[in-house]
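Beneath this line is the structure, given in structure tokens, with notes to follow.
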Amino acid sequence: MKTSQIAHCIAVVFFTLILASCVKDELDNPTDPDSQEEPDTPRPVEELGITELEIPSGFEFKTERSVELTINDNSSNVKYDVYAYQITSTSGQISYVNEDDEEVTGTDYIVDNLNHLIFSGAPSGGKIEHTFVVPDYYDQLYIRRKEGFAYSSEIVNITSDQVDYTYSPSSAKNASSAKAMVEDYLYCVNGSAELFQVDPLSGDYTFISTMPMGSYTAAIDQQNKVLYSIGRSNPNPLMKYDIVNDTWTTVTNLRIGGPRLDYNTQDGLLYFSTRDKLYSIDPTNGSILSQWDINGLDRTQGGDLAFAADGTLFVCTFSGLYRLELNVEGDYDSTRISGEDLPFNPTSMTFDSNNELWLANNGSNSNLIVMDTQTGGWEYRYGPSSNSGISFDRTINDLTTFRVFNEEAVDPDTDGDGITDSNDDFPEDAEKAFEQFTPSKYGWGTVAFEDLWPFLGDYDFNDTTINYRFVAVLNSDNMAVQLDIYFEVSSDGAGFVNAFGIELESIAPSLIESVTGTVLTESYINVASNGVEQNQDRAVIILFDNHETMLGIPSKVEVKFTTPITTNQLGLAPFNPFLIVDRNRENEIHLPNRFRTSLGSNNPSAEGVNRDEDGNYQTESGLPWAINIVHNFKPPKENVPVNQAYNFFNEWATSGGTVFQDWYKDSSGYRNESVLQD
């Protein structure tokens with residue numbers, strides 16, 4: 001809502017009316033966004049104007065909840081990753097090459113489970129304690145534990161905003177006090193872009209990573225601890241996953257797809273096969289080095305390939321398992337091993353360290369079987385057709401094996417902070433080890449303001465809108481040493497020049513060592529030598545003082561503390577955010593029921609109808625001037641109230657936040673895209 005001062009003296013009434021129709025509301029004459037005749041009969045909630053809503057007493061328009069988590073674990077060299085979790089997926093239409101090597105158009109399911117990382121940490125004194133925020137509609141956490149290169153996980157319910165988790169090793173892993181020299185883990189990929197691990201001893205599975213693209217192929221270079229996978233769709237990228245550092249890169253676009261892939265330790269090359277062709281690929285650059293024909297396959301669709309420990313190459317297709325041998329012409333002849341009684345069409349296989357061959361099918365709930373490569377005999381191990389009682393409830397499109405050798409020292413502690421490099425987000429900095437994210441590692445939150453406080457605005461919440469991500473950098477004791485604030489002004493609907501700041505309500509200014517990255521150009525914000533605002537009882541950081549110059553510019557402010565502080569003392573992001581309106585330092589706008597800073601005032605200088613006489617930043621009917629949304633919020637266009645742009649805002653607000661808790665998302669039917677900003 002752009003706001004400008006209309007000239008006090010205009011000679012001609014005609015021109016006065018024209019001007020009045022072109023400018024935005026004045027402080028002393030704001031527009032009522034819902035002015036209309038009183039209806040004769042009650043209207044449904046969804047049809048009410050925003051000022052007609054009956055807001056429950058005490059509702060503060062929060063979209064988030066705070067969660068207190070305690071993890072009890074006395075083990076050493078372990079790391080925990082904690083995610084907000086819900087059982088949902090999105091879908092769309094996509095063209096791709098299926099495991100029959102056919103070009104098809106179908107539904108692409110995208111699982112979003114691992115995109116909501118909240119924090120990582122290691123037990124200090126046998127315990128991790130954190131408080132953080134999650135969107136209201138989340139009611140579970142996904143807790144992933146990493147010990148060495150072995151993962152385990154558990155989905156836990158959030159009960160009364162608390163989670164108390166105690167690690168207890170599975171009975172399968174503790175059947176013997178002596179650890180095996182080699183521990184195997186089956187790494188699985190699927191077309192929904194999930195990479196997950198299955199423990200062959202227990203059947204436990206754990207999400208590891210979301211892939212850049214869904215895939216039907218996986219192969220591990222054991223020596224370099226790298227997994228390779230080819231994207232299922234054009235341009236079929238050769239993707240490389242660093243198992244130690246949990247990172248993905250794309251080597252090149254192969255532009256050929258198919259179902260079979262393995263890594264040959266004898267020559268350091270990838271071997272890729274589709275139908276009756278076999279290729280060798282340089283994993284460093286994706287170059288195709290050689291091509292062979294495969295003779296004698298009864299069916300050429302589907303399947304996988306795998307190298308045994310002695311270098312023998314095996315291929316399976318929908319007609320069974322074959323052993324391959326080079327002939328005098330330089331191509332491969334196949335010898336069928338399995339009989340006619342395979343329980344399913346195999347789409348993936350891998351050898352474990354005991355030279356057992358594991359195979360899986362690509363059903364929506366895949367089965368795992370083990371096959372004897374001499375006789376072709378097989379048995380179910382896991383899945384709905386087994387007697388194990390263990391199912392994965394997901395598709396396995398390819399398998400590969402990662403081996404952990406207990407005798408090798410593979411994980412040093414370079415910086416000497418007590419956290420080994422594979423668990424340390426900052427392996428070369430002894431002062432830093434982990435990170436805590438708000439709202440998540442890959443997500444953005446938004447603070448949106450109406451800037452006519454304490455007078456009524458138009459409730460388009462686009463006057464000044466700031467997207468944010470807060471990252472607390474933690475040391476090895478899970479204490480905060482630094483706060484990184486990533487932000488971007490996403491909407492400038494104001495006629496004023498506004499500033500934005502945050503107050504760390506439990507932090508004294510003296511606990512701040514330095515603040516860097518702020519943009520202060522208007523000469524009315526006074527900062528101390530350490531970068532915090534002067535004359536404040538608590539640490540206040542003004543990120544910028546002219547929102548117009550920050551529009552669409554990704555920015556970062558870095559706050560360092562003089563001594564490590566607990567995350568409890570740091571508080572919950574976005575802390576106490578506020579807007580300073582029109583270069584008037586006293587004129588602060590906060591979230592409902594939040595305190596103004598030492599420099600704020602409850603006595604606005606402009607005249608008008610004060611809609612916030614009690615100073616709680618809500619109107620007499622309960623409407624706010626600021627709202628925090630733990631999601632990337634798309635503001636409405638000018639003069640479009642938020643409840644006209646978002647179809648379920650009214651139901652959410654009048655229920656006190658108990659229904660349509662995700663009203664701001666882009667789910668089907670939630671938004672009126674035509675009235676949202678581009």
Side-chain angles (χ1 to χ4, degrees), residues 1-3 24-25 27 30-34 48-53 55 59-64 135 439 444-468 487-496 498-500 547-548 550-552 574 577-582 587-594 611-612 617-619 621-654 657 660-666 670-678:
M1 172 184 45
K2 294 278 187 183
T3 308
K24 305 302 178 184
D25 305 331
L27 283 174
T31 300
D32 186 339
D34 302 303
L48 295 177
I50 196 166
T51 57
E52 301 174 292
L53 300 178
I55 309 300
F59 181 53
E60 297 179 344
F61 287 81
K62 289 184 176 181
T63 62
E64 76 281 3
W444 292 92
T446 304
V447 183
F449 292 92
E450 283 288 304
D451 67 356
L452 288 188
W453 176 87
F455 313 114
L456 202 65
D458 59 6
Y459 286 98
D460 52 21
F461 281 106
N462 69 16
D463 295 351
T464 303
T465 303
I466 303 102
N467 291 344
Y468 67 78
F487 67 94
E488 180 179 343
V489 175
S490 57
S491 178
D492 166 25
F496 300 133
N498 297 331
F500 177 71
H547 75 288
E548 294 178 349
M550 304 299 294
L551 183 65
F578 62 96
L579 202 69
I580 302 173
V581 180
D582 203 24
N587 196 359
E588 297 179 359
I589 299 178
H590 290 256
L591 295 170
N593 287 312
R594 301 304 291 270
R611 302 296 184 118
D612 187 23
Y617 294 103
Q618 287 183 274
T619 68
S621 67
L623 292 174
W625 279 269
I627 187 170
N628 173 48
I629 301 164
V630 284
H631 194 270
N632 189 353
F633 176 66
K634 196 172 183 181
K637 291 180 179 178
E638 190 61 44
N639 291 321
V640 178
V642 65
N643 67 325
Q644 292 181 17
Y646 289 87
N647 294 325
F648 299 113
F649 179 90
N650 283 5
E651 287 89 337
W652 172 72
T654 56
F660 290 106
Q661 294 173 323
D662 60 347
W663 61 268
Y664 44 80
K665 295 178 67 176
D666 59 353
Y670 275 39
R671 296 175 172 180
N672 294 319
E673 295 289 344
S674 63
V675 296
L676 295 177
Q677 293 185 14
D678 296 331

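Along the sequence shown, residues carry numbers from 1.
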(message) Using 0.5 Å steps for rounding, measure from the CG atom of Asp492 to the NE2 atom of His547.
(response) 3.5 Å
(request) Decide side chain to side chain contact (heavy atoms under 4.5 Å, CB included) for Phe496 and Asp463; before the verdict, give the C-alpha distance in whole Å, the side-chain angles of both, and the deciding distance to 0.1 Å. (result) CA-CA 9 Å; Phe496 300 133; Asp463 295 351; over 6 Å; no
(request) Any chance you could measure Ile589, atom CD1, to Leu452, atom CG, to the nearest 0.5 Å? (result) 7.5 Å
(message) Using only atom types and a distance under 3.5 Å, with no angle test, would you say the side chain of Lys637 pairs donor to acceptor with the backbone of Ser674?
(response) yes
(message) Among Phe648, Trp652, Tyr646, which residue satisfies the ring pair (Phe, Tyr, Trp, His ring centres under 6.0 Å) criterion with Phe660?
(response) Phe648
(request) Taking the side chain as every heavy atom from C-beta outward, state whether Phe61 and Leu591 have any atom pair closer than 4.5 Å. (result) no
(request) For atom NZ of Lys62, decide whether the heavy atoms of other residues, nucleotides or ligands shown that lie under 6.0 angstrom number more than 12. (result) no
(message) Could you walk me through whether Arg671 and Leu676 satisfy the side chain to side chain contact (heavy atoms under 4.5 Å, CB included) test, starting with their C-alpha distance in whole Å, then the side-chain angles of each, then the deciding distance to 0.1 Å, before giving a yes or no?
(response) CA-CA 8 Å; Arg671 296 175 172 180; Leu676 295 177; 3.7 Å; yes
(message) Can you confirm whether Thr51 sits close enough to Leu456 that some side-chain heavy atom of one is under 4.5 Å from a side-chain heavy atom of the other?
(response) yes
(message) Using only atom types and a distance under 3.5 Å, with no angle test, would you say the side chain of Glu488 pairs donor to acceptor with the backbone of Asn467?
(response) no
(request) Enter the distance from Tyr468:OH to Trp444:CH2 here, rounded to the nearest 0.5 Å. (result) 11.0 Å
(message) Just verifying a value: how many Å separate Phe449 CZ and Asn498 CG, rounded to the nearest 0.5 Å?
(response) 9.0 Å
(message) With no hydrogens and no angle check, just 3.5 Å: does a side-chain donor-acceptor pair link Asn643 and Tyr459?
(response) no
(request) State the NE2-OH distance between His590 and Tyr617, to the nearest 0.5 angstrom. (result) 4.5 Å
(message) Whether the side chain of Asp460 engages the backbone of Glu638 through a donor-acceptor N/O pair (distance < 3.5 Å, no angle test) should be reported.
(response) no
(message) I want to check something: taking the side chain as every heavy atom from C-beta on, are Glu651 and Trp663 in contact at a cut-off of under 4.5 Å?
(response) no
(message) Treating Gln644 as the side-chain partner and Pro641 as the backbone partner, does any N or O pair qualify as donor plus acceptor under 3.5 Å?
(response) no
(message) Between Phe461 and Pro624, is there a side-chain heavy-atom distance shorter than 4.5 Å?
(response) yes
(request) Taking the side chain as every heavy atom from C-beta outward, state whether Asn628 and Pro577 have any atom pair closer than 4.5 Å. (result) no
(message) Within the 4.5 Å heavy-atom criterion, are Asn462 and Gln677 side-chain neighbours or not?
(response) yes
(message) Would Asp451 and Trp625 count as a side chain to side chain contact (heavy atoms under 4.5 Å, CB included) here? Give the steps.
(response) CA-CA 7 Å; Asp451 67 356; Trp625 279 269; over 6 Å; no
(request) Using a strict 4.0 Å threshold on nitrogen-to-oxygen distance, state whether Arg594 and Glu60 make a salt bridge. (result) no
(request) Test Tyr664 against every option in Ile627, Thr446, Val630 by the side-chain contact (heavy atoms from CB on, under 4.5 Å) rule and name the one that passes. (result) Val630
(request) Measure the CG-CG distance between Leu623 and Asp612 for me, rounded to the nearest 0.5 Å. (result) 11.5 Å
